[in-house]
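What you see is a predicted model, and the numbers here were worked out from it, not measured in a lab. This chain uses plain numbering: 1 for the first residue, then up along the sequence.
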Amino acid sequence: MAVIGVSTSHAADAQRWSAVQAQAWYAKQPWPVGSNYIPSDAINQLEMWQASSFDPARIDQELGWAQGLGMTTMRVFLHNLLWDQDRDGFKKRIDTFLSIAAKHHIKPIFVLFDSCWDPDPALGPQHPPIPGVHNSGWVQAPGTKILDDPSRYPQLEAYVKDIVGSFAHDDRVLAWDVWNEPDNDGGGNYAAEEPKDKFQRVAHLLPEVFAWARSQHPSQPLTSGVWHDPDWSNLHALNAVERTQLTESDIITFHNYDFPEAFLKRVQQLRGYGRPVICTEYMARSAGSTIDGVLPLGKKLDVGMVNWGFVSGKTQTIFPWDSWQRPYTLQPPVIWFHDLLRQDGTPYRQREADIFKALTSAPRGVVPASALLPLTDDTHAMNTVH
């Protein structure tokens, strides 16, 4: 399928990093550990970044809490409509965010596009959360109106080149995640609003987005994380989007909301590509992906770890995905699905905070005993039994 309006010229000197370059870059970084971050008073990317609702004081407070846990990164979503609306103001707010993050020794991973949830984003005041529903206001980027109109793709190209180009050599930025779950069908109750040929459009656009970003010669790596079920070690078994993700990414990223044994299997599948690996989404407590079970494993394997959700707030991701079918309006879930902290900064579970602190204070690849089981007299006795 020919996609009109997409630039097909790739800069000859803008090449994917070699595996050796990627490994050398990773070796210089502190262990990448953190959360997918949005301030607790924002329902989506637009509310986080628009001038009327951008909240540096809250960001400073919340990233201070992250620093206290030993976090070194945050994965943060941008949006093309914000650039369309006020490109200079948007970049100034990104710079402000980076200054706050650097103060707390945190280097964010910026996400340029996202195929999840509401496909009809609109600037301006955002609707309030739908009671009891997970991520009820999150929006896609680009939305259906642009994705369905190839004549507007040059706007996307300009957005990518300007944002990446403006921060291409900024050592406050860890990496660029060019598209979150590109082949996601949206989720929620939005199926009727999705483009009929969404997969085909995204499959054609994704290599171009990599090329647009790479043309700015960033000193930070580019990536897009695989998240589907197939065996990721076999490129021939994957769809066109996944093949692009694994062959164009400088560093390999993935999502996994499963038990520790499934997480380990995924890492083993990706090791064959010879590149650093970062899990940019994990932790769904009731699905088996927990801080206790997965985070120490990631540390041992020297895999970067970025869980979904930091401070519980307007995204309502303490509710599970099935809240779209069964809203939690009468009572909260038995256990939180995502998120680590309450709005006053106290941990949902103190044990989780203790694990973060134990792991982030230990040397690279080292998992101290205190991160595996609480150090009590009974635990000591168990650990000494042979």
Side-chain angles (χ1 to χ4, degrees), residues 22-37 62-75 101-109 171 174-175 221 251-254 256 259-268 270-271 275-283 285 288-311 338-341 345-386:
Q23 293 287 6
W25 169 86
Y26 191 71
K28 295 176 182 177
Q29 311 302 320
W31 179 45
V33 58
S35 297
N36 282 265
Y37 177 71
E62 293 180 354
L63 294 190
W65 297 336
Q67 180 183 7
L69 294 173
M71 292 182 172
T72 60
T73 190
M74 286 285 178
R75 185 167 176 253
K103 168 185 169 183
H104 297 292
H105 309 290
I106 289 169
K107 291 186 176 184
I109 300 168
D171 63 7
L174 184 67
I251 59 172
I252 300 297
T253 55
F254 74 102
N256 184 263
F259 291 98
E261 57 270 27
F263 178 91
L264 176 60
K265 181 178 179 181
R266 289 310 197 180
V267 173
Q268 291 170 335
L270 296 172
R271 286 292 195 208
R275 294 173 179 272
V277 177
I278 300 177
C279 179
T280 50
E281 289 188 26
Y282 78 99
M283 195 184 70
R285 294 180 183 91
S289 179
T290 65
I291 298 300
D292 309 57
V294 177
L295 187 59
L297 179 57
K299 178 73 184 295
K300 181 178 180 180
L301 297 169
D302 197 17
V303 169
M305 299 293 290
V306 185
N307 71 277
W308 190 274
F310 187 51
V311 181
H338 300 317
D339 299 333
L340 296 172
L341 304 181
T346 58
Y348 167 63
R349 281 183 65 227
Q350 183 60 46
R351 176 64 188 145
E352 292 177 345
D354 294 343
I355 292 171
F356 268 99
K357 291 176 182 179
L359 293 173
T360 56
S361 61
R364 192 78 170 253
V366 174
V367 178
S370 58
L372 299 176
L373 284 173
L375 290 180
T376 65
D377 291 341
D378 290 342
T379 301
H380 179 74
M382 286 189 291
N383 286 341
T384 57
V385 172
H386 298 285

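Residues Pro32 and Val306 form no side-chain contact, since every pair of their non-hydrogen atoms from C-beta on lies 4.5 Å or further apart. In this structure the side chain of Ile291 reaches within 4.5 angstrom of the side chain of Leu340, judged on heavy atoms. Thr290 places none of its side-chain heavy atoms less than 4.5 Å from the side chain of Phe259. Two residues are said to be in side-chain contact when any heavy atoms from C-beta on lie closer than 4.5 Å; Leu264 and Leu297 meet this criterion. The side-chain heavy atoms of Pro221 and Trp25, taken from C-beta on, include a pair separated by under 4.5 Å. The closest side-chain heavy-atom distance from Leu359 to Val367 is below 4.5 Å.
Under a 3.5 Å cut-off, the side chain of Lys299 and the backbone N or O of Val366 do form a donor-acceptor pair. Under a 3.5 Å cut-off, the side chain of Asn256 and the backbone N or O of Glu281 do not form any donor-acceptor pair. A donor-acceptor distance shorter than 3.5 angstrom exists from the side chain of Thr72 to the backbone of Val33, with no hydrogens or angles considered. Of the possible donor and acceptor atoms, one in the side chain of Asn307 sits under 3.5 Å from a partner among the backbone N and O of Gly309. Side-chain atoms of Trp31 never come within 3.5 Å of backbone atoms of Met305 as a donor-acceptor pair (strictly under, hydrogens ignored).
Residues Tyr282 and Phe254 keep their aromatic ring centres 6.0 Å or farther apart.
By the 4.0 Å N-to-carboxylate-O rule, Asp354 lies too far from Arg349 to be salt-bridged with it. Ion pair Lys357/Glu352 not flagged as a salt bridge, since none of the NZ, NE, NH1 or NH2 atoms sits closer than 4.0 Å to an Asp/Glu carboxylate oxygen.
Here the closest non-hydrogen pair linking Arg351 and Leu372 is NH2-C, 3.6 Å. Across Gly304 and Tyr26, no two heavy atoms sit closer than the pair N-OH, 3.2 Å. Contact detail for Ala358 and Ser370: the closest heavy-atom pair is CB-OG, 3.5 Å.
Considering CD of Glu62 and NE2 of His104, their distance stands at 10.5 Å, rounded to 0.5 Å. Here the straight-line distance linking atom CG of Asn36 with atom CE of Met283 works out to 10.0 Å at 0.5 Å rounding. Rounding to the nearest 0.5 Å places CG of Leu174 at 5.0 Å from CD1 of Ile109. Distance CH2/Trp65 to CG/Leu341: 7.0 Å, rounded to 0.5 Å. Separating the CZ atom in Phe263 from the OG atom in Ser289 is a distance of 8.0 Å, to the nearest 0.5 Å. Of the inter-residue distances, the one linking Arg75 atom CZ with Thr280 atom OG1 reads 4.0 Å to the nearest 0.5 angstrom.
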